[in-house]
Amino acid sequence: MIAPVVLLACLVFTSPLQDEVVSSATRGITGQVRILSDGGLLRGRPDLDLASPLLVRLAGYEQLDDGRIACELEFIGTDIGVFDLRDVLVFEQGGSTASLDPIPIEIVSNLAVDAPTDLVLAIPPANTLDGGYTVGLIVIGFLWLLVPLLVLAGRMNRPRVDPVIEEPEETVADRIAPLVAAAAARDLSVEEQGRLELLLYAHWQQRLELESDRPAAVARLRGDPEAGRLIRAVEEWLHAPGSGTPTPEEVSRLLEPYRVPADGGVA
Amino acid sequence: MNESTNGITSDTDAQGAAFATTVAASVGRTVVGQQVVVERILIALLTGGHLLLEGVPGIAKTLLVQAVGRAIDLDFKRIQFTIDLLPSDIVGSEILDPKSGEFHVHKGPVFTNLLLADEINRASPKVQSALLEAMQERKVSIGDRTWDLPAPFLVIATQNPVEQAGTFELPEAQLDRFMLRHRLEYPSFEEETEVVQRGLKLKLKRQGDGAVPMTAFDAIDDASPYQVRDLTSAMESVLAVHVSDVFVRDCVELVNLTRTHPDLELGCSPRAAIALVNASRARAYIRGRDYAVPEDFLALAEDVVLHRIRLNYEALADGRRGEDVLAEILATLA
């Protein structure tokens with residue numbers, strides 16, 4: 001409710017009335033008041049500054065027919081409370097404004113009641129360098145030099161790590177070998193049979209240096225005199241109906257070309 | 001291995017190879033080259049699957065399908081899919097007879113043995129769904145009655161891979177209904193020369209006093225070396241082709257690898273593994289074997305797998321293609 005009242009007071013010119021607040025304004029916001037002076041033109045006291053609770057200036061005036069002057073004054077309160085505007089006014093020609101009727105104005109605040117009322121908090125910063133600027137720069141410089149020294153020291157103290165020797169990637173021959181060995185000793189599972197056959201395709205694909213396209217390569221190697229014969233034999237073993245379960249010796253003979261020779265490579 | 005004059009190779013001179021080579025030879029009298037497509041059509045016919053052909057216009061897709069149909073004496077119909085096509089234009093509808101006041105069923109072109117759905121992606125999804133339902137269930141509903149489609153029933157749909165404006169791309173779930181998707185290539189220089197030379201030999205077709213120039217369609221051999229019952233017998237033989245546990249393991253392994261590949265957002269469904277095994281069986285039969293070998297599924301992998309996988313965003317951004325990913329999977333398959 002205070003704000004509309006203050007706003008109204010700011011916008012409407014008022015005549016001074018005895019012992020009543022003639023105008024009010026929010027602290028820090030300009031308020032206006034119209035004073036009829038018969039003692040001459042009014043103006044703000046020249047000695048007022050930001051430390052004063054109230055600042056005032058003459059915004060305009062009008063010479064009336066009855067000889068009085070209507071002074072339009074603007075004021076800004078820096079502290080809350082009710083003030084007599086006469087205290088901050090002087091006549092242009094000199095003389096005390098005590099002859100005027102009291103001009104009470106009110107400066108209100110939108111802040112909470114217990115909020116600080118000072119506009120400027122003159123609290124000094126908690127810590128200042130106070131002459132320690134040079135010392136601060138020296139400390140920062142020292143820390144800056146310390147970082148690379150610490151890194152260097154950390155590297156020198158790091159335990160020596162032996163270089164990792166990467167295991168060579170398993171070749172097709174490496175993958176075929178255990179399956180061929182297993183086939184000679186026991187019946188391979190369906191999974192192992194499938195892997196063995198596809199690895200044999202890959203083996204021949206590499207050996208005959210066929211294209212990387214697997215379907216095209218398989219079609220070509222089935223037509224190759226040597227690879228085709230061996231591949232078809234394996235296909236018959238694994239896929240033909242009624243071929244029966246071959247003995248380990250038969251399987252061993254079938255896979256003999258893929259057995260790892262003494263020098264380590266697939267035959 | 002024997003190599004026949006029409007391009008279809010066989011391991012032995014068995015019954016399946018004879019069937020395939022005879023059909024291919026009959027088709028070859030009309031269509032130059034395209035042996036792989038003939039083989040794929042035969043695989044689809046022998047397994048009851050459906051085939052999606054992708055290729056630019058003018059490479060004898062319609063002629064080829066019609067020639068295959070004629071070689072086995074199959075009833076053939078063709079639908080040109082357009083945006084304003086309605087489901088009833090395909091499956092048929094009930095028509096009111098004003099004289100009797102009763103509805104009569106008018107069966108649509110789907111009631112045939114061999115249906116060529118030309119440019120299937122030009123029709124609205126509703127029409128596509130109607131056809132794909134018919135493909136799946138092999139029966140259609142008109143009015144209150146459900147009608148079985150003739151047997152055999154094979155849909156060969158075509159798509160133009162270059163003109164995509166104003167088309168409705170088939171979603172993966174519907175593409176999955178097609179057992180195979182094959183991409184047709186342009187004929188080789190020699191084949192194209194032969195096509196042109198055959199065209200030069202075409203004469204006029206007289207109708208009364210008038211005449212029109214003959215087309216390649218008029219040159220399709222009227223004689224059918226095989227009948228539908230021969231196809232049925234061949235289908236039974238395909239079912240007798242042996243599939244080993246090792247072969248099944250290989251196919252399932254391949255399909256599983258499509259589900260875990262880092263470049264793929266969508267892998268193959270179990271339907272793909274079934275299609276791979278069945279198509280391999282038919283290929284083995286055509287090649288004159290009574291058992292399937294890995295070469296069969298390796299040769300068919302591209303046609304079975306590629307339309308069932310979807311690359312993820314990162315792979316597409318890297319310019320990867322489905323073919324590259326499949327080649328990678330096949331190379332690592334072991």
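Throughout, a chain's letter reflects where its sequence line sits, starting with A, and its residues are numbered from 1. None of these values were measured; they are calculated from a predicted model.
Proximity to chain B (any heavy atom under 4.5 Å) is shown, for Gln205(A), by neither the backbone nor the side chain. Interface remark: Asp245(B) contributes backbone and side-chain atoms alike to the contact with chain A (heavy atom separation under 4.5 Å). Heavy atoms closer than 4.5 Å to chain A are found in the backbone of Ala292(B), but not in its side chain.
Per-residue counts of heavy-atom pairs under 4.5 Å with chain A were compared for Tyr291(B), Phe247(B), Phe297(B); the largest is that of Tyr291(B). Here Arg195(A) is the residue among Arg175(A), Arg195(A), Gln193(A) with the most heavy-atom pairs under 4.5 Å with chain B.
Comment: Glu235(A) does not engage Arg289(B) in a salt bridge, judged by the lack of any side-chain N to carboxylate O separation of less than 4.0 angstrom. Salt-bridge check for Arg183(B) with Glu302(B): failed, with every basic side-chain N at 4.0 Å or more from each acidic carboxylate O. A salt bridge is defined here as a Lys NZ or Arg NE, NH1 or NH2 lying under 4.0 Å from an Asp or Glu carboxylate O, and Arg249(B) with Glu197(A) fails to meet this definition.
Judged by distance alone, with hydrogens and angles left aside, the side-chain atoms of Thr78(A) form a donor-acceptor pair with the main-chain N or O of Pro53(A) at under 3.5 Å.
In this pair, Phe19(B) and Tyr226(B) present their aromatic rings tilted. The plane angle is within the 30 to 60° band.
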